[in-house]
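Let me begin by presenting the structure, written as structure tokens, before commenting on it.
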Amino acid sequence: MKGSKIIIYQIFTRLYGNRCQTRKPFGTIEENGCGKLNDFTSSVLKQIREMGVSHVWYTGIIRHATMTDYSKYGIPRQHPAVVKGRAGSPYAITDYYDIDPDLAVNVDKRMEEFEKLVARTHRAGLKVVIDFVPNHVARQYKSICKPAGVRDLGEDDNATVGFDPVHNNFYYCPGQQFTPYFDLYHGEKEPYMEMPAKATGNDCFHNAPGMNDWYETVKLNYGKDYYAGGTGHYEPIPNTWEKMLHILLFWAGKGVDAFRCDMAEMVPAEFWAWATARVREQYPDIRFIGEVYNPGEYRHYIASGFDYLYDKVGMYDAMRDVICHRRNTDAITWAWQQTDDIRDHMLYFLENHDEQRIASDFFAGCGEKAIPALVVNALMQKNPFMLYFGQEWGERGMDEEGFSGRDGRTTIFDYWSLSLHVSPLTFIYNKVLNIARTEKAVSEGVMFDVMYANQQYYRQYAFLRKAGNDLLLVVANFDDAPMTMNLLLPDHAFNYLEIMERAYQAEDLLTGQHVSMVLMRDGQVSVSLPARGAVVYKLK
């Protein structure tokens with residue numbers, strides 16, 4: 001589909017297909033069950049595609065640290081002292097070349113099961129996104145699946161120096177033992193030992209990480225000397241660069257279409273510029289999505305090869321405040337204006353695995369309250385939109401699963417399950433996402449924000465989208481009460497979008513209802529809005 005808008009569906013793979021309803025806090029995989037790659041049948045993928053989705057982000061695919069023992073399959077056992085939760089964090093990678101055995105029906109054929117999933121996903125008309133976690137690995141990283149001739153991370157390190165710009169893959173605390181805040185036995189006969197201590201993943205360059213540090217991970221060395229103020233040493237090319245490029249090419253060779261790059265801004269932009277260019281030499285259509293939170297670095301990382309960046313600090317934070325009535329809707333205008341020059345590179349979202357669920361007690365209390373935000377974020381620009389599985393039926397994230405307490409988030413550390421179901425909210429998501437995917441005015445058109453001419457409305461938001469003869473008027477109501485908005489359409493909108501003054505027949509693409517309206521320069525149109533709802537008028 002030409003100019004088709006990208007809609008990413010993030011799925012926490014371990015949970016999605018799990019139908020076990022035991023839900024025992026701190027439960028084992030035997031007690032609580034686990035979803036499998038094979039749960040994504042052709043019919044399941046067809047349903048996802050029909051929701052309007054273009055890309056599926058399978059989160060937690062690569063083998064990571066876990067308390068579950070797979071040693072009988074030749075997989076090294078992890079010491080539980082350095083694993084978060086029984087299932088473990090998918091961002092504490094133990095083998096970049098392996099598949100999480102939890103996800104396999106046949107553990108010995110786990111890579112084959114993944115390859116078949118990629119093929120099924122592509123046959124369903126969807127593209128595959130997986131995580132690339134470049135900044136840190138699990139403390140007990142050891143690859144058993146690396147291709148012949150590949151040297152393991154840290155295998156050739158000189159641990160007597162804190163930093164080596166070329167050869168070392170890790171940072172070290174020479175002569176100091178790893179002494180974190182917690183018990184190193186964690187119920188085992190022998191304690192976890194690390195001598196010398198490696199630097200921790202969240203740029204903790206000493207031997208004693210605290211409770212809020214990423215203590216289960218170690219930082220990778222890309223040639224930046226944090227012991228000397230962060231000076232970069234990139235010539236000759238650091239060994240870590242070569243190893244990580246090989247990993248990217250390995251997964252691209254498996255048919256992966258895009259990488260969601262975890263904490264991309266903690267890795268030097270110089271590496272990304274070098275690596276993305278080399279990956280695209282062999283796979284020109286590959287896409288890179290960066291988790292970058294510092295708006296001051298957005299343009300730097302886009303210039304270094306990223307196609308899309310999280311718009312968290314701007315649009316997500318603004319939209320969350322608007323949903324919760326902490327800010328007025330002019331915050332939305334402010335948010336898109338901050339990135340207007342790079343608008344097509346910004347990834348909008350309302351939920352992901354790091355953020356609290358909309359329906360949680362910590363956010364809006366119910367998923368329906370975010371319907372106007374969904375409409376605005378999905379239809380306002382050409383840029384991608386992402387949703388997190390469960391968002392479309394109002395998952396609350398209010399369970400106390402184990403390592404993950406009752407925090408309004410769906411656990412990424414524990415074996416758990418959700419109650420998959422269809423709700424009226426699901427219908428609305430399907431409608432909005434399919435409008436985003438199929439309407440030319442959304443996927444290819446330009447946007448005109450009319451709120452500067454309607455500043456008396458502080459809980460409503462309206463804009464126009466136009467491509468060729470296709471014209472949409474989108475109006476969202478963030479208020480808890482229905483209302484009628486007398487929307488002024490400024491003269492400049494007619495010039496900018498080349499709109500003709502005339503009477504139009506309009507269809508609300510959300511409800512199918514038809515209305516007549518007259519568009520005049522600096523004239524008003526009356527729009528009736530449901531509480532916490534929206535209209536998407538297509539004018540003919």
Taking E401's backbone N and O only, do any of them form a donor-acceptor pair with D399's side chain (distance below 3.5 Å, no angle check)? no
Between F448 and H492, is a ring pair (Phe, Tyr, Trp, His ring centres under 6.0 Å) present by the stated rule, with each step listed? CA-CA 9 Å; F448 192 95; H492 183 46; 5.5 Å; yes
Ring-face cation contact, F389 with R357, 6.0 Å cut, 45° max: yes
Identify the two heavy atoms, one from A275 and one from L245, that lie closest to each other, and give their separation to 0.1 Å. O-CD1, 3.9 Å
With a 6.0 Å cut-off on the ring centroids, do F385 and Y348 count as close? no
Just one of Q391, R49, H55, E392 clears the side chain to side chain donor-acceptor pair (under 3.5 Å) bar with Y9, so which one? E392
In a table with atom names and distances, give each donor-acceptor pair under 3.5 Å that connects a side chain of residues 115-125 to protein atoms at least two apart or in another chain.
from, atom 1, to, atom 2, distance (Å)
E115, OE2, K254, NZ, 2.6
K116, NZ, E112, OE2, 3.3
R120, NE, F40, O, 2.8
R120, NH2, L37, O, 3.2
R120, NH2, F40, O, 3.2
T121, OG1, Y58, OH, 2.8
T121, OG1, L117, O, 2.7
H122, NE2, G255, O, 3.4
H122, NE2, D257, OD2, 2.7

Rounded to the nearest 0.5 angstrom, the CG-CE distance for L350 and M319 is 6.5 Å
Is the Y283-W251 ring centre distance short of 6.0 angstrom? no
Return the orientation label for the W272 and F132 ring planes: parallel under 30°, perpendicular over 60°, tilted otherwise. perpendicular
State the OH-CG distance between Y461 and N328, to the nearest 0.5 angstrom. 13.0 Å
For the residue pair Y91 and H353, categorise the inter-ring angle as parallel (less than 30°), tilted (30 to 60°) or perpendicular (more than 60°). parallel
Taking salt bridge (charged side-chain N to carboxylate O under 4.0 Å, His left out) as the cut-off, I'd like each qualifying pair that reaches into residues 358-379, sequence neighbours left out, listed once. D361-R396
May I ask you to decide if the ring planes of Y316 and F349 are parallel, tilted or perpendicular, using 30° and 60° as cut-offs? parallel
